[in-house]
Amino acid sequence: MSVACTKEQGIGIITLSGPLTAATVEAFREQLAAWQAGETNVKNFVFDLSAVDFMDSAGLGSLIAALKRITERGGDMKLACLQKKPRMVFEITRAYKVFEIFDTVEEAVKAAKP
Amino acid sequence: MKAVLYTGGKPSWTGVFGDRAWVLLPVGSRPLLSYWLEFCVDLGITEVQIILGQAAEYVEMFCGNGEKWGLNINYSLIRAEDNPQSYLARDADRWSDGLLYIGGVLFPRRRSGFTLEKLQSLLDGCCVVDHGNRPVFFVSRDRSSIDRFIREETCGSTPYSTAEAAGLDFTCIRDVTHYYRLNMEIVRNEMNRYLSSGYSSRDDASIGYNVITPASVTFTPPLAVGNDCRIGAISTIGPCTVISDHVLIDRQCELSDSIILSDTYVGRNLEIKGKIVAGNRIVDPEDGTCLEIEDPWLVAQTRPRNYMRDFLRAVFGWNFTLLLVVLQFIPFIILYLIIRLLGRGQFVSRRCRGIGGNEIKVLRFVASSPVPSLLLMIFHGISLDRFPQLLRVLSGNLWLCGQVPKAAEGEKMKDTQCYFPAVFSYSDAFIEIDKQMDALYYAHTRSLAADLRILRHALFARLVEVEIISGAA
């Protein structure tokens with residue numbers, strides 16, 4: 001699992017690659033927290049999941065935890081480019097009701113703008 | 001006349017469902033094979049030979065000796081290099097008085113005007129090929145036609161009756177999408193064509209036997225539920241849902257436009273819409289995408305009895321218990337003496353059902369005050385209150401991990417196949433539980449890994465837990 005964090009129009013773009021599972025969530029959490037610590041003025045985030053080919057309940061839990069942290073700080077979090085298999089996990093666990101999911105990063109960024 | 005049913009040669013599209021027997025895939029509320037067997041009965045055939053292939057033991061377990069259908073079923077295995085016709089050719093005289101052969105994913109779909117009288121016209125001879133031009137259905141009483149079918153491995157040019165004339169539509173299921181759509185069409189409009197006499201489809205719901213549902217479950221027809229299923233509270237089933245045999249649906253689930261294959265557990269609070277669930281696999285029928293889930297709390301394959309697995313659990317449990325007893329012995333003696341001297345609590349004897357359903361006495365710790373003290377918290381936190389029960393594991397009366405033991409009331413339990421009374425259970429590990437559902441879940445998914453998981457959670461949870469069983473409780 002690799003996490004690439006950039007800033008675009010004041011919005012944090014978090015690009016994840018690889019499976020987001022119990023084995024990789026710790027690395028994801030640590031990398032995200034480290035970037036957030038250095039970019040305290042970024043409140044809104046878009047998570048680009050186009051390269052996440054698999055996700056389990058632990059991976060989903062880590063995204064929900066990230067959403068909780070971000071919203072607690074008054075920010076917003078959008079998901080973009082969900083692949084088929086992770087999308088199925090979102091569907092069966094009803095997580096699609098919790099997140100705003102967009103087909104492209106551009107659409108998500110547009111929606112995330114304050 | 002004799003019937004030969006070929007259950008080998010696994011069709012490639014059924015691979016997404018794992019290693020389960022493709023002839024046991026449900027169509028409507030029943031496995032495909034049961035329609036074949038009923039077809040034999042409808043044609044007046046009593047002698048059935050089933051050629052086994054993949055998942056042979058499950059096919060044999062399902063059919064038994066055929067008594068259930070009034071059939072006499074025998075089994076045979078063929079070599080991997082043989083095809084069914086070469087098997088038939090080995091003893092050609094055996095089929096001389098008539099042969100019914102079914103050997104593909106063929107569903108004898110009944111048309112709206114179907115009658116048993118019309119079906120008899122098939123006996124004049126009929127042959128159907130699949131999409132690869134391979135014969136998947138053959139019936140005839142004419143010896144020369146049978147010989148030609150066996151020898152040429154094709155339908156040949158013999159004049160045959162047609163499926164249409166018999167009120168049937170032989171559907172060769174070609175892929176997952178076709179399989180899903182066939183099921184949906186049947187559950188929506190055609191369930192009443194396959195009802196046994198005495199049954200009614202007035203409410204568009206077909207429910208098998210031994211289906212346990214709390215009053216809070218909502219059924220929205222049309223739907224079909226197989227045998228031996230349990231559906232958790234506040235779940236919504238339907239519309240257009242097919243649930244096969246031995247399925248556990250945990251509480252607060254919503255299922256619609258879906259097929260749940262046999263021996264499947266569907267976890268709590270899930271929403272299954274437009275999917276096929278086969279054990280721990282979720283399949284999107286529209287494009288065949290298969291998601292294999294490793295988390296057994298979401299979806300899981302329930303398993304039949306496995307003696308090696310239980311043996312391993314027993315060996316591990318006994319040795320781990322011995323270790324716990326050795327570690328806890330001195331702390332237990334010291335702390336329990338202090339607790340007794342201060343009058344803070346004591347063990348009381350309760351009768352419950354142990355391994356094999358035998359009545360045993362188990363000591364349970366009861367605190368004398370509902371207010372937790374540091375001493376009691378330590379006693380509880382390091383599980384010293386379970387020390388006497390651990391001794392029951394060493395004497396072979398309880399498992400280390402399993403289900404909450406049932407209270408001993410009335411006669412000895414009859415069915416102990418799925419009963420694993422234990423010192424630690426899911427109720428120790430997780431706060432929000434449904435004891436009945438968790439007991440069933442454990443019985444079907446038990447393994448050494450599951451036991452380790454319970455132990456890890458239970459021992460840790462008890463360390464941080466402050467609630468002490470009070471005398472009032």
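In what follows, chains are A, B, ... by sequence order, proteins preceding strands, each numbered from 1.
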Honestly, the part of B:Asp287 sitting under 4.5 Å from a heavy atom of chain A is side chain
Measure B:Asn269 against the heavy atoms of chain A and call it side chain, backbone, both or neither at under 4.5 Å. both
Regarding A:Lys68 and A:Glu72, does a basic nitrogen lie under 4.0 Å from an acidic carboxylate oxygen? yes
Between B:Thr289, B:Ile272, B:Val277, which has the largest tally of heavy atom pairs under 4.5 Å with chain A? B:Thr289
Show, in sequence, the C-alpha distance, side-chain angles and deciding distance for B:Glu271 and A:Tyr96, and conclude whether the side chain to side chain donor-acceptor pair (under 3.5 Å) test is met. CA-CA 11 Å; B:Glu271 181 180 286; A:Tyr96 67 90; 2.6 Å; yes
B:Arg20 bridged to B:Asp263 by N-O distance under 4.0 Å: no
Short side-chain to backbone donor-acceptor contact, B:Thr264 and B:Ile260, under 3.5 Å: no
Where on B:Ile282 is there a heavy atom nearer than 4.5 Å to chain A: the side chain, the backbone, both, or neither? both
Salt-bridged, B:Asp451 to B:Arg313, with N to O below 4.0 Å? yes
If I measure from the heavy atoms of chain B, does A:Lys84 come under 4.5 Å with its side chain, its backbone, both, or neither? side chain
Using non-hydrogen atoms only, which part of B:Glu254 is less than 4.5 Å away from chain A: side chain, backbone, both, or neither? both
